[in-house]
Amino acid sequence: MTTVTPPKSIEQLLERAEKLASKSLAQLAEEFRAQLPDHLLLEKGWVGQFIEHLLGATSGSLPQPDFPELGVELKTIPINPLGKPLESTFVSVVNLHQPASEQWETSIVKKKLEHVLWMPIIVHPNSPLNQRIIGMPLLWRPSADEWQILKNDWEETMEKVCLGKFGQLNARFGQALQVRPKAANSKVLTDVVGSDGEITQTLPRGFYLRSSFTQKVLTQLSYS
DNA sequence: AGTTGATCATAC
DNA sequence: GTATGATCAACT
């Protein structure tokens, strides 16, 4: 695949992103000599990683924004032709091990969401992967209202983790930031401190943005 | 149809 | 196992 150097500025990053808009995955795969899979069943993160390559992201699997020098996180998001998100958006894993040492201000979630480059991927119903079209990118910073909601959700989650209430750590909580399993499968377990201070095991979890939240972000409406 | 829980590839 | 990139698929 053609290699792309890291962008030197946010302007350059946005310029690159805008040049991808309205192109299909088939076009881009040809242009950058990439092997486009037939479907995402076995490579669910393929589109996201492809767009990372095209824009010159470097973070790999480090827990930091995709463009560390620019402080920008890249998120691809599948939308239908009307602009409605088809999925939630994964943000980062939940720290289940030393939750008491975590503060919102220094959290990975806050670092990543401070500045996000949204790359919508337009999905027509029942159409193959290679016909998906890149939409117009959106450089987003959360508003004060959005920050408040995200912070509250994060703090309520981490409080449950600190108290060892893993049974309450499910997808039903959180207005914008939701907690769901994040593992290879449901048999994967990780050591944690339970509600009585005992060592137990639980499923690894991740923070996800609900699609109701990202929908409003993408249409530039305030979330309140 | 929307939501919640489960799952897949890969690097280290 | 844990982190990245997410979407799949069962359930309500």
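Quick caveat: nothing in here was measured; it's all calculated off a predicted structure. Within every chain, numbering begins at 1; the chains are lettered A, B, ... in the order of the sequence lines, protein sequences first and strands thereafter.
- A:Gly48 comes within 4.0 angstrom of the backbone, heavy atoms only, and of no base.
- Listed candidates were B:dT3, C:dT4, B:dT4. Nearest to the side chain of A:Ser211 is B:dT3.
- Distances shown here put a side-chain N or O of A:Arg172 below 4.0 Å from the OP1 or OP2 atom of B:dG5.
- Mapped onto DNA chain C by nearest heavy atom, A:Ala183 and A:Asn95 fall at different nucleotides, with A:Asn95 at the one closer to the 5' end.
- Contact annotation: A:Gln178 reaches the phosphate of B:dT4 (side-chain N/O to OP1 or OP2, under 4.0 Å).
- For the pair A:Lys160 and A:Phe166, the cation-pi test (distance below 6.0 Å, angle within 45°) is failed.
- Here A:Glu73 lies in heavy-atom contact (under 4.0 Å) with sugar-phosphate atoms only.
- Dashed line: the shortest gap from a side-chain N or O of A:Lys84 to OP1 or OP2 of B:dA1 is not under 4.0 Å.
- Between A:Ile79 atom CD1 and C:dT7 atom P the separation is 12 Å, expressed in whole Å.
- Here the C1' atom of nucleotide B:dC8 and the NE2 atom of A:His39 are 12 Å apart, to the nearest Å.
- For the atom pair A:Ile133 CD1 and A:Asn130 CG, the distance stands at 9.5 Å (nearest 0.5 Å).
- In this structure, the CG atom of A:Asn185 is 10 Å from the C1' atom of B:dC8, given to the nearest Å.
- A cation-pi arrangement is present between A:Lys110 and A:Trp147, with the terminal nitrogen or guanidinium carbon under 6.0 Å from the aromatic centre and inside a 45° cone about the axis.
- Under 4.0 angstrom from either OP1 or OP2 of B:dT7 there lies at least one side-chain N or O belonging to A:Ser186.
- Under 3.5 Å, the side chain of A:Lys182 and the base of C:dG5 form at least one donor-acceptor pair of N or O atoms.
- Atom C1' of nucleotide B:dG5 and atom CG of A:Leu169 are separated by 13 Å, given to the nearest angstrom.
- Between A:Arg180 and A:Asp191, the residue anchored closer to the 5' end of DNA chain C is A:Asp191, taking for each the nucleotide with the nearest heavy atom.
- Checking each of A:Leu55, A:Leu117, A:Leu54 against A:Arg16 for a side chain to side chain contact (heavy atoms under 4.5 Å, CB included) leaves exactly one that passes, namely A:Leu55.
- If you check C:dT7, C:dG5, B:dA6 against the side chain of A:Lys75, the one that comes closest is C:dG5.
- At least one side-chain heavy atom of A:Val217 sits less than 4.5 Å from a side-chain heavy atom of A:Glu146.
- Here A:His97 lies in heavy-atom contact (under 4.0 Å) with sugar-phosphate atoms only.
- Spacing between atom CG of A:Asp66 and atom P of C:dT4 amounts to 10 Å, rounded to whole angstrom units.
- Which of B:dC8, B:dT4, C:dT2 sits closest to the side chain of A:Thr190 comes down to C:dT2.
- In the set C:dT7, B:dG5, C:dG1, the nucleotide with an atom closest to the side chain of A:Pro78 is C:dT7.
- Checked by atom type, the side-chain pair A:Gln175/A:Asp153 shows no donor-acceptor distance below 3.5 Å.
- Counting distance only, with no hydrogens placed and no angle test, the side-chain atoms of A:Lys44 and the base atoms of B:dT7 include a donor-acceptor pair under 3.5 Å.
- DNA chain B is contacted by both A:Gln49 and A:Asn170; A:Asn170 maps to the nucleotide lying nearer its 5′ end (nearest heavy atom per residue).
- Within the 4.0 angstrom heavy-atom criterion, only backbone atoms of the sugar-phosphate kind lie near A:Val188; the bases stay farther away.
- Counting any heavy atom pair closer than 4.0 Å across all strands shown, A:Tyr208 reaches a base atom.
- One atom, CD of A:Glu87, and another, C1' of B:dG5, lie 12 Å apart when rounded to the nearest Å.
- Judged by distance alone with a 3.5 Å cut-off, no donor-acceptor contact links the side chain of A:Arg205 to the base of C:dT2.
- Among the protein residues, A:Leu86 comes within range of no part of the nucleic acid, since none of its heavy atoms lies under 4.0 Å from any strand.
- With hydrogens and angles ignored, the 3.5 Å screen pairs no side-chain donor or acceptor of A:Arg180 with any backbone N or O of A:Gln178.
- Residue contacts shown for A:Pro63 are limited to sugar-phosphate atoms, with no base heavy atom under 4.0 Å away.
- If A:Glu43 and A:Ala171 are placed on DNA chain B by their nearest nucleotide, the residue sitting closer to the 5' end is A:Ala171.
- Atom CG in A:Leu209 sits roughly 13 Å away from atom P in C:dT7 (whole-Å rounding).
- The phosphate of C:dA3 has neither OP1 nor OP2 within less than 4.0 Å of any side-chain N or O from A:Lys112.
- Contact annotation for A:Thr76: backbone-only contact, meaning every heavy-atom pair under 4.0 Å involves sugar-phosphate atoms and none involves a base.
- A:Arg210 has no side-chain polar atom (N or O) that falls below the 4.0 Å cut-off from OP1 or OP2 of B:dG2.
- With rounding to whole Å, A:Leu177 atom CG is found 16 Å from B:dT3 atom C1'.
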